[in-house]
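In what follows, a structure is listed as structure tokens, so that the remarks can point back to it.
Within every chain, numbering begins at 1; the chains are lettered A, B, ... in the order of the sequence lines, protein sequences first and strands thereafter.
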Protein chains: 2
Amino acid sequence: MARLTPGELEVMQVLWKESPLKPAEIEARLPRPIGNAALRSVLRVLLNKGHVKRAKQGKAYFYRPTQPAHSSFRQMAQKLADVFFGGSSLDLIAGLIKSEKLSDEDIRKLQDIVRTRNDPAEAHPPGEKS
Amino acid sequence: MARLTPGELEVMQVLWKESPLKPAEIEARLPRPIGNAALRSVLRVLLNKGHVKRAKQGKAYFYRPTQPAHSSFRQMAQKLADVFFGGSSLDLIAGLIKSEKLSDEDIRKLQDIVRTRNDPAEAHPPGEKS
DNA sequence: AAAAAAGTGTGGAAAAATCCACACTTCGTC
DNA sequence: GACGAAGTGTGGATTTTTCCACACTTTTTT
């Protein structure tokens, strides 16, 4: 499944948040102005590339992603790891922790996430805020 | 400074690892075949966009990035956070920790990284393996 | 100094991405 | 059934990306 161009990604971002949607609805949710016809051209390409599918309901087609956001996320994260960290996901995560601005609260949350990484069922202490 | 296309990114990836390099050297380090003239066209664009600069030495131009890898990395990471996590770097990191395959050893390393996040001078216990 | 080797400059072809105009179709409603 | 509103299909125009051919320049070698 071919790579997403910037314009295609904008549309997928909308559909991953909410779908199915018809063209006019997608257009209304895009953060920048684009014509209805231009948007439908992007959708046509996304359809050809297999990134979305559509179903007619009434007189309009409703579009939805064929793959969940998660799947594209992993693919793009892998690309980032490839380019900047020789493909190592661990180094990517480490690089982010070191370079992104994180509050003390964020650090605490991260510690918790890492700690429970291999035991998702781990219960949080009762009475905790988050 | 304009966005990097996929082809441009391939070249930048080489230059971030090692620079300055002349076109033939870059070409030799690219993972896929590309003609010398094609590569130089990409370099021309990168030059116009301001992503690389060059200096003549002997009869060849040597190219180097104008910005360190780190700066592009942060930009691309931010984009990823925008698309999939509403712009939250913390959620991006959390998402990676949850979705990437990490060994127990990796988890230990991560714990260490997070723990020393706000105190990079923190000394590791002597005699430690890593 | 001539030839060969190594590089460069540049115009533009080919394909992909982005955008739009315009004709046609479908649905509701008077 | 005729009309208007909402939607679709589609053929490009335009720009960007990717790639290459070819002529020219610079350096090295004989």
Side-chain angles (χ1 to χ4, degrees), chain A residues 1-15 18-66 72 75-76 79 82-83, chain B residues 1-15 18-66 72 75-76 79 82-83:
Chain A
M1 203 151 56
R3 179 194 142 268
L4 290 168
T5 67
E8 289 162 12
L9 189 57
E10 288 180 296
V11 172
M12 292 307 296
Q13 190 173 351
V14 169
L15 289 175
E18 181 186 1
S19 77
L21 293 175
K22 56 181 163 177
E25 294 168 339
I26 297 172
E27 197 184 350
R29 285 161 177 75
L30 283 172
R32 69 180 176 93
I34 188 183
N36 174 279
L39 167 63
R40 285 185 297 117
S41 281
V42 175
L43 285 172
R44 196 195 316 165
V45 174
L46 285 172
L47 214 44
N48 290 337
K49 288 188 178 176
H51 288 288
V52 303
K53 58 190 170 188
R54 66 182 195 177
K56 200 159 202 167
Q57 191 141 15
K59 60 185 160 187
Y61 281 106
F62 286 75
Y63 294 78
R64 74 171 75 236
T66 52
S72 283
Q75 191 176 321
M76 292 173 70
K79 180 73 189 168
D82 287 344
V83 171
Chain B
M1 203 150 56
R3 176 194 143 266
L4 291 168
T5 67
E8 289 162 10
L9 188 57
E10 290 180 295
V11 173
M12 292 307 298
Q13 188 173 353
V14 168
L15 288 176
E18 181 186 1
S19 78
L21 293 175
K22 56 182 164 177
E25 294 169 338
I26 297 171
E27 196 184 350
R29 285 161 177 75
L30 283 171
R32 71 181 176 92
I34 187 184
N36 173 278
L39 167 61
R40 285 185 298 118
S41 281
V42 175
L43 285 171
R44 196 196 317 168
V45 173
L46 285 172
L47 216 45
N48 289 338
K49 288 189 179 176
H51 288 288
V52 303
K53 57 191 170 187
R54 66 182 194 177
K56 200 159 201 168
Q57 192 143 13
K59 60 186 161 186
Y61 280 107
F62 285 74
Y63 293 79
R64 73 171 75 236
T66 53
S72 285
Q75 192 176 320
M76 291 173 71
K79 180 74 189 169
D82 288 345
V83 171

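- Nearest heavy-atom pair, A:Arg3 versus A:Pro6, reported as atom, atom and distance to 0.1 Å: NH2-CD, 4.1 Å.
- B:Arg54 is linked by a side chain to side chain donor-acceptor pair (under 3.5 Å) to B:Tyr63, counting only residues two or more places apart in sequence or in another chain.
- Considering all non-hydrogen atoms of both residues, B:Ile34 and B:Ala38 come closest at CG1-CB, 3.7 Å.
- Atom CG of A:Asn48 is separated from atom P of C:dT18 by 14 Å (rounded to the nearest Å).
- The separation between A:Leu43 atom CG and D:dG9 atom C1' is 13 Å, rounded to whole Å.
- One interatomic measurement links the two molecules: CG of B:Leu9 to P of D:dT16, which rounds to 20 Å at whole-angstrom precision.
- Under the 4.5 Å side-chain criterion, counting only non-hydrogen atoms from C-beta, A:Thr5 is not in contact with A:Val45.
- We find that CG of B:Leu47 is positioned 12 Å from P of C:dT8, with the value rounded to whole Å.
- In this structure, CE of B:Met12 is placed 15 Å from P of D:dT17, rounded to the nearest angstrom.
- Interface residues of residues 20-27 of chain B facing DNA chain D, ordered by number: none; criterion, heavy-atom separation under 4.0 Å.
- Residues that satisfy the side-chain contact (heavy atoms from CB on, under 4.5 Å) test with B:Met12, not counting sequence neighbours, are B:Leu4, B:Trp16, B:Leu46, B:His51, B:Val52, B:Pro65.
- The separation between B:Leu4 atom CG and D:dT17 atom C1' is 13 Å, rounded to whole Å.
- Of all the heavy atoms in A:Gly50 and A:Met1, the pair that sits closest is O-SD, 3.2 Å.
- A pairwise comparison of heavy atoms in B:Asn36 and B:Ala24 identifies ND2-N, 4.5 Å as the closest pair.
- Whole-Å rounding puts the B:Asn36 CG to C:dT8 P distance at 8 Å.
- Taking every heavy atom of both residues into account, A:Pro20 and A:Phe62 meet most closely at CB-CB, 3.7 Å.
- The side chain of A:Ala60 has D:dG7 as its nearest neighbour among D:dC19, D:dG7, C:dC19.
- A residue-by-residue look at B:Arg54 and A:Pro33 shows that B:Arg54 has its nearest nucleotide of DNA chain C further toward the 5' end.
- Sorted by first then second residue, the salt bridge (charged side-chain N to carboxylate O under 4.0 Å, His left out) pairs that include residues 22-51 of chain A, not counting sequence neighbours, are A:Glu8-A:Lys49, A:Glu10-A:Arg32, A:Glu18-A:Arg29.
- Contact between A:Val42 and A:Gly7 at its shortest, heavy atoms only, is CG1-O, 4.2 Å.
- To the nearest 0.5 angstrom, A:Leu15 atom CG is 7.0 Å from A:Leu43 atom CG.
- Atom-to-atom, CG of B:Leu39 to C1' of D:dC20 comes out at 13 Å; the value is rounded to the nearest Å.
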Please encode protein proximity along nucleotides 22-30 of chain C as a string of B, S and -, counting only heavy-atom distances under 4.0 Å.
----BB---

Between the protein and nucleotides 11-17 of chain C, which nitrogen or oxygen pairs are less than 3.5 angstrom apart?
residue: C:dG11; atom: O6; partner: B:Arg44; partner atom: NH2; Å: 3.2

